[in-house]
Amino acid sequence: MPEIAYVNGAYLPLAEARVSILDRGFLFADGVYEVAAVIGGRLIDNEAHLSRLEKSLRELRIESPLPIQTIADVEAELVARNELNEGLVYLQITRGAAGDRDFGFPSGATPTFIAFATKKNILASSAAETGVKVLTVPDMRWARRDIKAVALLAQVLAKQAALDADCQEAWMVDDDGYVTEGSSSTAFILTKSDTLVTRQNSTAILPGCTRKAVQSLAAREGLTLEDRSFSVTEAYEAKEAFLTSASNLVLPVVSIDGRPIGSGAPGARSRLLRALYIEWAMNPGAAR
Ligand code: PMP
């Protein structure tokens with residue numbers, strides 16, 4: 001893969017892609033990002049990702065460096081230049097670099113816009129076959145988790161705690177014992193009465209694009225959906241659990257804190273929803 005990145009209007013080799021050390025993304029995590037999957041050379045559910053990007057920018061009062069359609073063109077150009085068939089496109093927009101390190105918004109700075117593409121197997125996933133193990137950890141993040149900000153330190157620590165415990169994802173838990181979401185994914189459980197539960201959208205979680213698509217597909221299958229908080233105890237007792245994200249689509253969860261979920265193998269509904277999501281992603285013309 002050629003490894004071509006985008007920095008403020010220029011396409012250049014990844015190794016030569018640079019931004020200033022005064023960039024506010026670097027100094028303050030003053031920026032936002034998006035990640036969209038590419039399957040068969042096509043960006044999946046990209047309108048939803050770009051509309052969330054617009055919302056994140058609006059919430060932080062960062063001016064979009066380009067019209068949204070032009071950002072989509074940059075993504076498509078990166079897919080083409082990197083000859084990317086399957087993988088991810090990452091976008092990041094920060095408030096830019098001022099000549100100082102003042103906390104207040106700089107008057108003259110123009111936003112920094114970088115993007116790159118990464119090759120990754122999205123469809124063929126061993127984690128989808130085996131399922132993933134989840135560790136619960138306290139949610140230590142700030143109060144505006146609905147904004148996809150690059151301030152990801154709490155998620156980095158949560159993910160590493162999971163990896164250290166031989167798990168693949170962390171589910172973060174609020175002060176009342178309710179799961180908010182995964183370190184980089186949305187958390188779902190299927191109750192014993194076949195109700196699909198995921199936390200309601202609010203400032204406490206990121207509104208997942210994959211979450212929304214999967215919920216539509218589940219409703220089409222006749223599953224009952226509930227948008228509500230669920231406790232760690234309820235999750236332990238679930239019939240099935242799974243996570244969703246642009247980069248992993250739908251992944252079955254087979255244990256939480258070492259307790260097997262259901263039979264301890266990927267659940268039938270989780271596997272079905274993964275298959276339906278893939279079918280939908282590859283047939284964008286089909287109704288959602
Ligand atoms: N929650 C968090 C904290 C995330 O980082 C992600 C991945 N971006 C998600 C949920 C899933 O969102 P999406 O389905 O849009 O990738």
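Order of appearance sets the numbers: ligands from 1, and atoms from 1 within every ligand. The structure displayed is predicted, hence computed values, not measured ones.
- Residue G182 has at least one heavy-atom neighbour below 4.0 Å for each of these atoms of ligand 1: 3 (C).
- Listed by atom number, the atoms of ligand 1 under 4.0 Å from R52 heavy atoms are 12 (O), 13 (P), 15 (O).
- Among A37, A187, S185, the residue whose heavy atom lies closest to atom 10 (C) of ligand 1 is S185.
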Given side-chain hydrogen bond (donor to acceptor under 3.5 Å, both in side chains), test T180 with D139 step by step and report yes or no.
-> CA-CA 8 Å; T180 52; D139 196 332; 2.5 Å; yes
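- Considering both main-chain and side-chain atoms, C209 comes within under 3.5 Å of ligand 1 through a nitrogen or oxygen pair.
- Checked by distance only, ligand 1 and Q155 stay at 3.5 Å or farther apart across all their nitrogen or oxygen atoms.
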Taking it one step at a time, do N46 and E75 satisfy side-chain hydrogen bond (donor to acceptor under 3.5 Å, both in side chains)?
-> CA-CA 10 Å; N46 201 35; E75 291 181 287; 2.7 Å; yes
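- Between F116 and Y90, the angle of the ring planes stays under 30°, which puts this pair in the parallel group of the 30/60° scheme.
- Annotation for ligand 1: atoms under 4.0 Å from non-hydrogen atoms of H49 are 15 (O).
- Counted by atom type alone, T94 and D23 present one or more donor-acceptor pairs between their side chains at under 3.5 Å.
- Between A246 and ligand 1, at least one N/O pair is under 3.5 Å apart.
- Each of the atoms 3 (C), 5 (O) of ligand 1 lies under 4.0 Å from some heavy atom of S183.
- Between the side chains of E86 and N121, not a single donor N or O lies within less than 3.5 Å of an accepting N or O.
- When only interatomic distances are considered, the shortest N/O to N/O separation between T244 and ligand 1 does not fall below 3.5 Å.
- For atom 12 (O) of ligand 1, the nearest non-hydrogen atom of the protein is G208 CA, 3.5 Å.
- For K212 and D45, the salt-bridge test fails: no basic side-chain N is under 4.0 Å from an acidic carboxylate O.
- Side-chain contact of D227 with Q215: a donor-acceptor pair under 3.5 Å is present, judged by distance alone.
- When non-hydrogen atoms are compared, ligand 1 lies under 4.0 Å from neither the backbone nor the side chain of S247.
- With respect to atom 7 (C) of ligand 1, the closest heavy atom belonging to the protein is S184 O, 3.4 Å.
- The N/O atoms of K148, backbone and side chain alike, include one that comes under 3.5 Å of an N/O atom in ligand 1.
- Annotation: T210 places an N or O atom under 3.5 Å from an N or O atom of ligand 1; distance criterion only.
- Residues forming a salt bridge (charged side-chain N to carboxylate O under 4.0 Å, His left out) with K148 (at least two apart in sequence, or on another chain): none.
- At least one cation-pi condition fails for R61 and F105: the charged atom is not both under 6.0 angstrom from the six-membered ring centre and inside a 45 degree cone around its axis.
- For the residue pair S183/E169, the side-chain donor-acceptor check at 3.5 Å is satisfied.
- Interface of T186 with ligand 1, defined as ligand atoms under 4.0 Å from a residue heavy atom, comprises 10 (C), 11 (C).
- The protein heavy-atom contact nearest to atom 1 (N) of ligand 1 is E181 OE1, 2.6 Å.
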